[in-house]
2 protein chains.
Amino acid sequence: MVTMSDVAKEADVSRATASYALRGDTRIAEKTRTKVLAAAKRLNYSANLSARSLRSGRNGVIGVAIFELDKPYPSQMSAAISREINAHGMQAIIQQTMNSREDEVSILRRVTSQLCDGTIFSPGNVSNEEMKALTHGKPIVLLDDPSVRPVFDSVMTASREGARTAVAHLLAQGCHRIGVVGSDLAILDEPSMKNSVAARRLSGCLEALEEGKRTLSPDSFIGLEPWDEDSARSLAHSLAAQGDFPFDGVFCITDSMALGMIRGLHECGISVPRDVAVIGFDGINESASYIPSLTTISTDREDLAHKAVSILLDDLNQPDGRTKPRRQTARFRLDVRESTMLGR
Amino acid sequence: MVTMSDVAKEADVSRATASYALRGDTRIAEKTRTKVLAAAKRLNYSANLSARSLRSGRNGVIGVAIFELDKPYPSQMSAAISREINAHGMQAIIQQTMNSREDEVSILRRVTSQLCDGTIFSPGNVSNEEMKALTHGKPIVLLDDPSVRPVFDSVMTASREGARTAVAHLLAQGCHRIGVVGSDLAILDEPSMKNSVAARRLSGCLEALEEGKRTLSPDSFIGLEPWDEDSARSLAHSLAAQGDFPFDGVFCITDSMALGMIRGLHECGISVPRDVAVIGFDGINESASYIPSLTTISTDREDLAHKAVSILLDDLNQPDGRTKPRRQTARFRLDVRESTMLGR
DNA sequence: TTGAAAGCGATACCAT
DNA sequence: ATGGTATCGCTTTCAA
């Protein structure tokens, strides 16, 4: 293990000078700097991140913590964030929270707050207070923070506007009986859930229905747990089993659920889009190549990653700088594909 | 930031005693230990991983480095490994190599060899010698190591046996004109590629064809780069454009390519499985719910993760213990689904 | 069984 | 512009 002392010795300078030179501090003479860099290169030196982190509290590593990595949306999102971090010359390390409180706490208190300069975190089961305590003041940017009263910076998906666009699209395609899959309306009565992803998507749906002058029937909103393919697939079976399928257009509030829904309908002999139009939300890669390809509200992952990383780097550069948390929203796009091309 | 000195003070013992007590060293009296643990709990203490790592070279963090995290196979594989690591009470951090030499080197030399106790690595563009130099002797387990002369421990997917099973299945389904998508036969003539995933899968195909007494036509083996959905989709188009589709059964050496192939065929009006049977390799989650669902050689990810982590932990516990690299192979299973159910 | 003190490899203050 | 040195928080001899 070659250390900075070795480099200093090789370059015939002090450790302090070597340290400054390697980091490009301006007060070191250009000639000295070149000499040190050459020595470091010769010895194939690379700084010890633990030591650096211990002493200075910084090591150029950013943590990304997100729920299941084997699900398309979180894995594609974390991949995009990781690329963006790399583009800024820093290293990204990704961890899965498994949507478990225990894992979230352990990630924040151990790895994140000790090995990383900052964190991009998709919160699930920890409160703002706990996060405050666990991160020891290190910068953190939340993804889709559901807080009613935000404490941390965050980047949101355009849930309300996106959902509104989705339902408006179904209406424009001529759907009359629209179903929404993911959550029931009760969530809107729960003040603490006001900013949850589910509530924001639902309220977008209501807006679109209102604009389209449609009366809303509470049982068109179907809660589902968990938000995954299998749940949606089962739901398709139970809806189909009731006789006539109750909807001619379905908005599933995540793409995974939409694909599960299509698959379930297929198993029941109901064809998308011939019999029912289906639209999703997220824009996972799989949606483009499914059969039928899925119309979806596609979150611009590069934009989201860019915004999250920018905010984090900004926090990193002005410690204790700001008091008011920033909240930005990622761009989205309606990707019209086969699943909503009703044969009329 | 509460440190061990704080805990020691609170418990009225020395720092050394606190350190031993917290780690459960047996020479500390049970009573003292309880006292220290209580103090730590009271102060909500948690050890600084950088400091621990700097001093002892160990911090309970395992690195996992794999290519694109937004592709189903690597993301699902790393999720499984991460879970397995957590099950052993350690933390996993995941990084993407992006299949780029530069990223691989930077991950190994910086994060992995400095912040982690050991690494599970999916090699792409670095040689064994480089890895030896970059990891500074820290344990490493490779995934699908292509080395002809292995230097590190590794866990392999059952490429040869799996591919053989896949082609045998197509034969059993009555296919007469079998195509293999992923690599052409030239790779088998390249000694250095002998143990590559492509070569091993191809040789499995040849075995099955031989057993089935089929003559092999070199142009039934089609190289593709990169191994992804889009490439396979394009290939389907160009094959279909030649007039009669040349195959009645296609083995794509990854599931992603198989799904792309099915989608491409669909776009050309060729139906799977009615017109062509398609089988994949990997067992990604998406294969089960595609329309049609995909028959595949499914690598047992839990088994692979278990084997990789076991080997790594073993290495960790007996430093410089062994000289001969171990090479294990993960279990696999043929999952027969709709895509090979020929309507005959 | 416990404690004192050295040291892991860097950084950053303070001198020079 | 450069160097000496204390220090980050922890582990680990070595003594007591």
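Below, read A as the first sequence line, B as the second, and so on, with proteins coming before strands; counting in each chain starts at 1.
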Under a plain distance cut-off of 3.5 Å, with no hydrogens placed, do [Y] and [X] share a side-chain donor-acceptor pair?
X	Y	answer
Thr119(A)	Thr112(A)	yes
Glu302(B)	His306(B)	no
Arg149(B)	Asn128(B)	no
Arg23(A)	Ser19(A)	yes

Quiz prompt | Non-hydrogen atoms of Thr3(B) and Tyr45(B) that approach each other most closely | solution = C-CE1, 3.5 Å

Can you find a side chain N or O atom of [X] that sits less than 4.0 Å from OP1 or OP2 on [N]?
X	N	result
Ser14(B)	dG3(C)	yes
Thr32(A)	dT2(D)	yes
Ser53(B)	dC8(C)	no

Rounded to the nearest angstrom, tell me the gap between atom [atom1] in [X] and atom [atom2] in [N].
X	N	atom1	atom2	answer
Leu49(B)	dG9(D)	CG	P	14 Å
Met1(B)	dT7(D)	CE	C1'	16 Å
Arg110(A)	dG9(D)	CZ	P	17 Å
Arg15(B)	dT7(D)	CZ	C1'	12 Å
Asp12(B)	dT2(C)	CG	P	12 Å
Asn48(A)	dC10(D)	CG	C1'	14 Å
Arg55(B)	dA6(C)	CZ	C1'	8 Å
Leu54(B)	dC10(D)	CG	C1'	8 Å

Quiz item: Just checking Ala16(A): base, sugar-phosphate only, or nothing, at a heavy-atom cut-off of under 4.0 Å?
Solution: base

Exercise. Show your working on salt bridge (Lys or Arg N to Asp or Glu O under 4.0 Å) between Lys307(A) and Asp300(A) and close with a plain yes or no.
Key: CA-CA 11 Å; Lys307(A) 286 181 166 134; Asp300(A) 185 334; over 6 Å; no

Exercise. With DNA chain C as reference, determine whether Val13(B) or Ala51(B) sits nearer its 5' end, using the nearest nucleotide of each.
Key: Val13(B)

Quiz item: Under 3.5 Å, is there an N or O donor on one side and an acceptor on the other linking the side chain of Arg52(B) and the base of dT11(D)?
Solution: no

Practice problem: Please list, by residue number, the residues of residues 18-29 of chain A whose heavy atoms come closer than 4.0 Å to an atom of DNA chain C; answer none if no residue qualifies. | Solution: Ser19(A), Tyr20(A), Arg23(A)

Quiz item: Rounded to the nearest 0.5 Å, what separation is found between the CD atom of Gln114(A) and the OG atom of Ser46(B)?
Solution: 4.5 Å

